[in-house]
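See structure below.
One-based numbering, in listed order, for ligands and for the atoms of each.
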Amino acid sequence: TRSSRPQRMLAHVKRHAARGDPQSVIDAIDYFCRHKEWAMNVGDEKGTILDSVVCEVSPGAVLELGTYCGYSTMRIARLLAPGARLITLEFNPANAAVARQVIAWAGLEHKVQLVEGSSGDLIPQMREKFGIDSFDLVFLDHWKDWYLPDTRLMEELGLLHKGSVLLADNVICPGAPEYLAYVRSSPRYDSRYFKSHLEYTYVEDGLEKSVFPGASAGSRP
Ligand SMILES: O=C(NCCCOCn1ccc2cnccc21)c1cc(-c2ccc(F)cc2)cc(O)c1O
Ligand SMILES: [Mg+2]
């Protein structure tokens, strides 16, 4: 049967990127998506904003919701300090299989734990299964209408601490209106919009960065 777009992307990576060189894998995917076939990676423009937030937070524990082909996974993992951990969740097994190979080609598999399944099922298992107490950074890039319920779930499970950062992709396109309204209105978050463009296009999109000031914020003194 005909190959999938992620499979063609992986073939392009293996042909054009150097093993063990994350930047060359990132560049190969950006080239593929800009000049051959568009794909929904966060991309180079929003990617530099992601990079700057990762460097600012210098997280010990990161959760990524939405691996897809592993592009943002690599952007984050290549900037992590030794010993820091990135857990990434992917719902689609075929995409997960491609992502594992992309991450391995970049030589970043020892920094990344890719878990297949739904965030709603896996987030409640973070402590028991992965020994995670809380996350310093969460990158939301999965189903856009799941951003808010999953954020509420992480709050309720105590997986966010004072200063935890939520960074959400696609808050304009495709859009996450209920999530945006929540993080921008809740006294529980200091939220800021980084205007950019939908990956590899001129359409507006952006990232919303929301800092969790602590569970007590917004409750009665
Ligand atoms: O849809 C998008 N991403 C989500 C994928 C499924 O994610 C499912 N998924 C992955 C883990 C996971 C865990 N639990 C549940 C669902 C879970 C997405 C879409 C576009 C886009 C923009 C314009 C268009 F014309 C067409 C598409 C751009 C993006 O940057 C995106 O991220
Ligand atoms: Mg996205």
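Listed here is the closest heavy atom pair of Ala39 and Met9: CB-CE, 3.5 Å. Between Leu207 and Ile49, the closest heavy-atom pair is CD1-CG2, 3.5 Å.
Ligand-side atoms of ligand 1 in range of Ser118: 14 (N), range being under 4.0 angstrom from any heavy atom. Listed by atom number, the atoms of ligand 1 under 4.0 Å from Trp146 heavy atoms are 15 (C). Of all atoms in ligand 1, listed by their number and element, those nearer than 4.0 Å to a heavy atom of Asp169 are 30 (O). The Leu198 neighbourhood of ligand 1 comprises atoms 22 (C), 23 (C), with distances under 4.0 Å to a heavy atom of that residue. Heavy-atom contacts of Gly66 reach the following atoms of ligand 1: 10 (C), 11 (C) (cutoff under 4.0 Å). Atoms of ligand 1 found under 4.0 Å from any heavy atom of Asn170 (numbered from 1 in listed order, with element): 28 (C), 29 (C), 30 (O), 31 (C), 32 (O). Every atom of ligand 1 with a heavy atom of Glu199 under 4.0 Å away is listed here by number and element: 28 (C), 29 (C), 30 (O).
For residue Asn41, no N/O/S atom approaches the Mg ion (ligand 2) to within less than 2.8 Å. The distance from the Mg ion (ligand 2) to the nearest N/O/S atom of Asp141 is under 2.8 Å.
Considering backbone and side-chain N/O atoms, Lys144 comes within less than 3.5 Å of an N/O atom of ligand 1. Of the N or O atoms in Lys46, none lie within a sub-3.5 Å distance of an N or O in ligand 1.
Among all protein heavy atoms, the one lying closest to atom 5 (C) of ligand 1 is Met40 CE, 3.6 Å. Among protein heavy atoms, atom 27 (C) of ligand 1 sits closest to Trp38 CH2, 3.8 Å. Scanning all protein heavy atoms for the shortest distance to atom 16 (C) of ligand 1 gives Trp143 CE3, 3.3 Å. Protein heavy atom closest to atom 13 (C) of ligand 1, with residue, atom name and distance, is Ser119 N, 3.5 Å.
In this structure, Gly117 is part of the shell of residues with a heavy atom less than 4.0 angstrom from ligand 1.
Grouping the Ile, Leu, Val, Met, Phe, Trp and Tyr side chains by contacts below 4.5 angstrom, directly or via other members, places Leu65 apart from Phe139. Linking ILVMFWY residues whenever their side-chain heavy atoms come closer than 4.5 Å, directly or via other members, leaves Ile87 and Leu108 in distinct clusters.
No other N/O/S atom of Asp169 lies as close to the Mg ion (ligand 2) as OD2 does.
Side-chain contact check for Asp133 and His161: no donor-acceptor pair (N or O, by modelled atom type) lies under 3.5 Å. Donor-acceptor pairing under 3.5 Å is lacking for the side chains of Arg184 and Tyr193. Remark: the Asp44 side chain and the Tyr200 side chain contain no N/O donor-acceptor pair separated by less than 3.5 Å.
For atom 11 (C) of ligand 1, the candidate residues are Leu140, Leu89, Asn41; the nearest heavy-atom contact is made by Leu89.
Note on Arg100 versus Glu90: no salt bridge recorded, every NZ/NE/NH1/NH2 to OD/OE distance being 4.0 Å or above. Using a cut-off of 4.0 Å between Lys/Arg side-chain N and Asp/Glu carboxylate O, Asp190 and Lys209 are scored as not salt-bridged.
Trp146 has its ring centre no less than 6.0 Å from the ring centre of Tyr179. In summary, the aromatic rings of His142 and Tyr68 are positioned with their centroids too far apart to meet the 6.0 Å limit.
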